[in-house]
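Have a look at the structure below before the remarks.
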Amino acid sequence: MESYTIGQAARLLGVSVDTARRWADAERFPTHREGTRRMVEGPDLAAFCVEAAQEGAEGEEAPYTSARNAFPGIVTGVKLGTVDAQVEIQAGPHRIVSLLTREAVEELGLEVGARATARVKSTSVFIDRV
């Protein structure tokens with residue numbers, strides 16, 4: 001079973017180390033000591049990730065969509081072509097780049113600093129284990 005340090009857990013959760021420590025201190029997820037390091041078991045962290053994502057979605061008005069993989073973030077780059085455009089979003093620890101039409105970018109008012117949600121629906125998903 002894989003264990004994570006508080007720092008690694010914070011990166012996976014997309015929060016600061018201080019926030020992860022506060023959550024652990026509040027017993028939102030269990031930790032244990034390995035020497036001087038505070039550790040979180042993989043299954044405990046996975047369960048907390050699901051719980052935290054559900055809490056974050058409460059109270060938000062959900063759009064009508066069949067895409068379930070939503071990454072809310074901030075637009076960090078827009079490259080406009082004659083017909084197409086490239087939009088980059090930073091969603092927590094995730095950098096998402098999408099190619100779409102210039103018209104769509106203009107209609108949505110996407111510009112650097114704007115809040116946006118990248119929604120992903122794919123027939124192929126690749127998973128790497130690190």
- State whether a side-chain donor-acceptor pair under 3.5 Å links R37 with T5. no

- A91 to P72 - nearest heavy-atom pair and separation: CB-O, 3.3 Å

- Note on the structure: Nearest heavy-atom approach of V17 to G7 is CG2-CA, 4.0 Å

- For F71, which of I89, V120, T117 qualifies under side-chain contact (heavy atoms from CB on, under 4.5 Å)? V120

- Note on the structure: Value for CZ (R38) from CZ (R33), rounded to nearest 0.5 Å, stands at 6.0 Å

- Message: Nearest 0.5 Å, please: how far is CG in L110 from CG in L100?
- Response: 7.0 Å

- Task: Specify the closest pair of heavy atoms between S3 and H32, including all atoms of both residues, with the distance to one decimal.
- Result: OG-CE1, 4.2 Å

- Point-to-point distance, once rounded to the nearest 0.5 Å, from CE of M39 to CG of L45: 11.0 Å

- Following the transitive rule for hydrophobic clusters with a side-chain heavy-atom cut-off under 4.5 Å over Ile, Leu, Val, Met, Phe, Trp and Tyr, establish whether I96 and L108 coincide in one cluster. no

- Should V112 and V97 be counted in the same cluster of Ile, Leu, Val, Met, Phe, Trp and Tyr side chains packed under 4.5 Å apart? no

- Query: Can you check side chain to side chain contact (heavy atoms under 4.5 Å, CB included) on I74 and R115, steps first, answer last?
  - Reply: CA-CA 5 Å; I74 187 167; R115 288 188 302 158; 5.5 Å; no

- Using a strict 4.0 Å threshold on nitrogen-to-oxygen distance, state whether D18 and R21 make a salt bridge. yes

- Residues pairing under salt bridge (Lys or Arg N to Asp or Glu O under 4.0 Å) where one sits in residues 83-104, two or more places apart or in two chains, turn out to be E88-R95, R102-E106

- Query: Linking I/L/V/M/F/W/Y whenever their side-chain heavy atoms sit closer than 4.5 Å, directly or via other members, would F48 and I6 fall into one cluster?
  - Reply: yes

- Note on the structure: For G109 and A114, the nearest pair of non-hydrogen atoms, with its separation, is O-CB, 4.4 Å

